[in-house]
Amino acid sequence: MAMQKCQSDFARAVRSPDWAVPHGVTSHNSDAPRERFAVYRNNVMVGLVSALEARFPATRKIVGKDFFKGAAKLFAAMQPPRSPLMMFYGDEFPSFLADFEPAREVPYLPGVARLEAARTRAYHAVDAKPLTPAALSGSLADALAGMRFILHPSVEIVASDYPVVTIWAMNSGENDLAPVTDWRGEDALVSRPRFDVEVRRLPPGGKTFLQNLAAKSPLGEAAAAALAGNPSFDLAANLAALFAGLAIEMTNQPNEAPLP
Amino acid sequence: MRVSQLPLSAGASFKPEHFAAISAAPQPLGFFEVHAENYMGGGGPPHAQLGFLREHYALSLHGVGLNIGSTEPLDRAHLARLKELCDRYQPECFSEHLAWSSHGGIFFNDLLPLPYTEANLTSVIDHVDEVQSTLGRRLLLENPATYVCFQQSTIPETEFLAAIARATGCGLLLDVNNVFVAARNHATSASAYLEAFPLDLVGEIHLAGHFETIDGEGSPLCIDAHGTPVVEDVFALFDSVIASTGPFPTLIEWDNDVPDWPVLRAEALAAQERLDRVRLVRAAPAAA
Amino acid sequence: MITKTELTAATLAAAFALLAVPVSAQEMGGPKTGKEKCYGVALKGQNDCAAGAGTSCAGTSKVDYDSSIWKYVPTGTCETMKTPNGMGSLKPGKS
C-alpha cells in the first residue's frame, strides 16, 4: 500500500503547482527539492500545451500565442489526457473554447478549432479506397437513386454559423489573410482520400445530404431530404464536392450486381 | 545469444519531417526507431511511412506510454494496441522505460520516477512478464533520467534493473545520456554506475543531448531534453562501454528542435565511427 | 405532377453527366489542396520520451484561473477578422 500512496501523492502533486513536494521525494542537496520537482510539473504541462499548439495552429494564430497558451494550460489542468495516444489529445478543446468566457469575443473560434480537430482525426483515420465517379458512370439514373453509400472513414462534416472554412484557410496558409466580408455560416467537408487531408466548403444543403447518406439513406432520398430542407440545394454541386473530396468509400447495394 | 535482433550499428530516431530526405536515397544507417504511440492511429501517412521504413531498414519500436513502473494494473487496451503494432510491423526490437506515466485514469505524458523498493520490484516484474507474454517477444527496459530521489528506495537502480531482467528474461536498453544526466543530478559517478550495470543484458544503447542548468540549491541539474547534439562526455562514456563489450545497436535520439536530416544523420554516423573503431581494435591481434 | 423522388432521379442523370468532366477544387470554393509527394504533409508525432522544449526547474506550471483576473486578450489575426459586431466588449468576470 505504501508504494500506491507514494505514487498517488506524486501524481496529485505534479498536477498541483501550489502543493508541497511529496513526502519522501528528496535530492542529494535537499529534503524537499522544490525546483527539481518542478521539472516534472513543468514537463507535464509543457508537453500537454505543445500537443495542443501542434494540433490547433490556426486557432492559435487567431488569438495569439499568449492567449492560446493561457487557455491551453487551463484546459490541460481541467481536462488532462485520459489516453496515452497524444495525437488525439484535445478532442474536447473546441467545446472548452465554446464555454471559455475570455474567448467569447471571437465567436468563430470554437468552429475553427472543431475543424482543426477533425483534420487530425482524418489524418489518422483508417485507410480506404475512395470511390470514383467513373465507377458509377454505367449506372442508370433509377439505379443511382436507390444506391446507398458508405462515407469514407476520414470524412467529417464541421457545421458552423460562421465562415469557418474561409477563416481556417486564411490562418493555415491556404489563402491570404484579409478582412472577412461575407459572414454567412459555412459547413466544412473534411476528408483524406489518400495522404493529404482536404477541406472543402459544402454547397447549400450539403450537410443534410451527407448526414442522410451517412445514415444509409439511398441517394435519391438523401437528395430529396436535402432539397426539402434547403430549396437551393444543388445535387450536381454536392456530388461534385463529394467526389472531388473522394469522400465516398464504396457502394453498398446488396440487391445489385457488383459494378464494373 | 544476442539480446536484440537489431544490427550492431548506429541508427536514428525517425521524425516524420525527415521522411522526404530519408526516402529519397538509401541511408547508411542500420536501423530506425519510432515511438510506438505515434503509430497507433488507424492509417494515413504515419503508417505509410512506417511501412516504408519497415521495408528498407531494421526497425525498433520504443514505447513511451505502457506505464510499466505503475503500482496500478497495466492498461490492457494499450497493451493490445501494442501487440497489434508489433504483429503488423515485426520490429527487430521493442523497448520501454522503467517509469510510470499514467495514474488514476490520467495520462501524464512524461516518464515519472519510482522508488526502488521490494514492493515496486515485484510489481514491475509482474508487468514485464505480462508485456512479454502478451507480445510474445522480449522487451528491453530502459534506465531512466531522473531529477529527484526517494527516501523509500532501498535498492540501487542497477541492481533493480538486473533483478527485473533475471526474473523476467527481459533485456535492458542502456541510455548513456540518462546515466550521465542522473549521475550529475544525484552527484554520483556515471562510470561507477556503468561498472555496476549488467552490460551482458544490454540489447541497445541510446545517446542523446541534454542541457544543464542549476537547481534551487545552486547545484548542477541536467535536463534530458533531446534537443541538442550528444555532448563529448556522453560519447566518452559510450566509448568506455563499447571498449569493454564490443559494438551495440546504438541510437541517436532527437525529439526537440529537430535539425535537418543531414545533421541528425551525421550525428548517427559519428556514433557509427566509434562503433567501427572499437570493432577494429577488438579484431586486431593483441599488441605485445 | 412529379414527385420529389422522380425529380431527383431525373436530376441525378444530369448530375452524374456533369461529373464526367474533371472537377477542380477551386470551382468548389474550397482551399487548394496539397501535393501528395512523400506520403502527404508530415505531422509531427505527439508522443516522445524527452523533456519538452522549454522544460526547466525555473518556470512555473501555475494555471490558476479566476475570470476576473484573466490577463490575456485575443491579439492574433482576429484583429483582422473582426465580426460585423466588432470585437465585442469583454466585461471582467462572469456576466
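Hydrogens, waters and symmetry mates are skipped; everything else that's a heavy atom, side chains included, is used. Just so it is clear: chains get the letters A, B, ... in the order the sequence lines come, proteins before strands, and each one is counted from 1.
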**Complete:** Turns out that what part of A:Ala76 lies under 4.5 Å from chain C's heavy atoms comes down to neither
**Prompt:** When rounded to the nearest 0.5 angstrom, what is the spacing between NE2 in A:His124 and CG in C:Leu43?
**Reply:** 6.0 Å
**Asked** Atom CD1 in A:Ile167, atom OG1 in C:Thr77: separation rounded to 0.5 Å?
**Response** 8.5 Å
**Request:** Side chain from CB out, backbone as N, CA, C, O: work out which of these in A:Leu202 comes under 4.5 Å of a heavy atom of chain C, or both, or neither.
**Result:** neither
**Item:** Nearest heavy-atom neighbours spanning C:Thr80 and A:Ala178
**Value:** CG2-C, 3.9 Å
**Asked** Can you name the residues that form a salt bridge (charged side-chain N to carboxylate O under 4.0 Å, His left out) with A:Arg119, not counting sequence neighbours?
**Response** none
**Item:** Which residues share a salt bridge (charged side-chain N to carboxylate O under 4.0 Å, His left out) with A:Asp91, sequence neighbours left out
**Value:** A:Arg55, A:Arg121
**Request:** To the nearest 0.5 angstrom, please state how far the CG atom of A:Asn42 sits from the SG atom of C:Cys57.
**Result:** 8.0 Å
**Prompt:** Can you say whether A:Val39 sits under 4.5 Å from chain C via the side chain, the backbone, both, or neither, judging by heavy atoms?
**Reply:** both
**Euclidean distance, C:Cys78 SG relative to A:Glu105 CD, rounded to 0.5 Å** = 7.0 Å
**Prompt:** Side chain, backbone, both or neither: which part of A:Pro107 has a heavy atom under 4.5 Å from chain C?
**Reply:** side chain
**Prompt:** So which heavy atom on C:Trp70 is nearest to which on A:Gly70, and how close?
**Reply:** CH2-C, 3.3 Å
**Item:** chain C interface, residue from A:Asn171, A:Val180, A:Asn238 that has the most non-hydrogen pairs under 4.5 Å
**Value:** A:Asn171
